[in-house]
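Residue numbers count from 1 along this sequence.
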Amino acid sequence: MSSDFEAYEQDFGTLTAEVTNKIGRIPKLSGEEKTQLVLNVDKQLEEVRELLEQMDLEVREIPIQSRAMYNSRLKSYKQEVEKLEKDFKRSRIAYSDEVRNELLGDDASSSENQRAHLLDNTEKLERSSRRLEAGYQIAVETEQVGQEILTNLHGDREKIQRARERLRETDANLGKSSRILTGIHL
């Protein structure tokens, strides 16, 4: 039984060495070659996990007095695989960042173009803001002038109404005076 475990250990050592080597190469490659390497490493990591399962089954078959030693070795192998998976995940994240940058055109000239475009838009926004502010000032001044005109018109209306009232009183007084004078002459 332990000979099977040791055979699995040899396979495990070989596979993890290959995976470690390939994970280190992922950031240095580009394009289709990089994509193929990522897929290959993913497949080999699956094989490593299967080897760990086989080793775990073998440890269960080993007599109890020897099992502790094999369990500790298996535990260290599992930790090694976790570390490999984390390293692989980091290299894939770096890979996906590069792909994103390639797709979005994240190079120096593009960055300068974006910066120039942003500055241009900022200037346009500032000019528009100044125009809006000027328009607002004109609206406020117009409102004030309109308010003054309304106040003047209200005062003029009151004057006209008072003048009409006086005119009516004067007309009424003239009517009385005319009747009195007519009454005196007769």
- Task: Please say whether more than 12 non-hydrogen atoms of neighbouring residues, nucleotides or ligands are located less than 6.0 Å from CD in E32.
- Result: yes
So CG of L52 and CG of L57: to nearest 0.5 Å the spacing works out to 11.0 Å
Review point. Is there a side-chain contact between M69 and R73 (heavy atoms, below 4.5 Å)?
Key: yes
So OG of S66 and CG of N71: to nearest 0.5 Å the spacing works out to 11.0 Å
**Asked** E9 and Y77: side-chain donor and acceptor closer than 3.5 Å?
**Response** yes
Is there a side-chain contact between T14 and E18 (heavy atoms, below 4.5 Å)?
yes
- Non-hydrogen side-chain atoms of F12 and V81 separated by less than 4.5 Å: yes
Check your understanding: Any side-chain heavy atom of Y70 within less than 4.5 Å of one from E58?
Key -> no
Taken to the nearest 0.5 Å, the spacing of R25 CZ from N40 CG works out to 9.0 Å
Margin query: Looking at R49 and E46, is any side-chain nitrogen of the basic one under 4.0 Å from a carboxylate oxygen of the acidic one?
Written below: yes
Within the side chain of S128, is there an N or O that forms a donor-acceptor pair under 3.5 Å with the backbone of K124? yes
Check your understanding: Which is it for K78 and L74 under the side-chain contact (heavy atoms from CB on, under 4.5 Å) test, yes or no, and what are the steps along the way?
Key -> CA-CA 6 Å; K78 287 181 180 179; L74 183 62; 4.0 Å; yes
- Query: Under a 4.5 Å cut-off applied to non-hydrogen side-chain atoms, are E33 and L37 in contact?
  - Reply: no
Sorted by chain and residue number, the side-chain contact (heavy atoms from CB on, under 4.5 Å) partners of E165 (sequence neighbours excluded) come out as R168, E169
CG of N173 to OG of S178, rounded to nearest 0.5 Å, is 12.0 Å
Notebook entry, point to check: If two hydrophobic side chains count as joined below 4.5 Å and joins carry through other members, does V145 share a cluster with L153?
Noted result: yes
Smallest heavy-atom separation, V41 atom then I23 atom, equals CG1-CG1, 3.9 Å
Between R67 and V59, the two heavy atoms sitting closest are NE-O, 3.4 Å
Interatomic distance, CZ@R166 vs CG@D171, rounded to 0.5 Å, equals 15.0 Å
- Message: Taking the side chain as everything from C-beta on, heavy atoms only, tell me whether F88 gets closer than 4.5 Å to I26.
- Response: yes
Rounded to the nearest 0.5 angstrom, the CZ-CG distance for R157 and N152 is 15.0 Å
Check your understanding: Would you call Q79 and K83 a side-chain contact if the rule is heavy atoms closer than 4.5 Å?
Key -> no
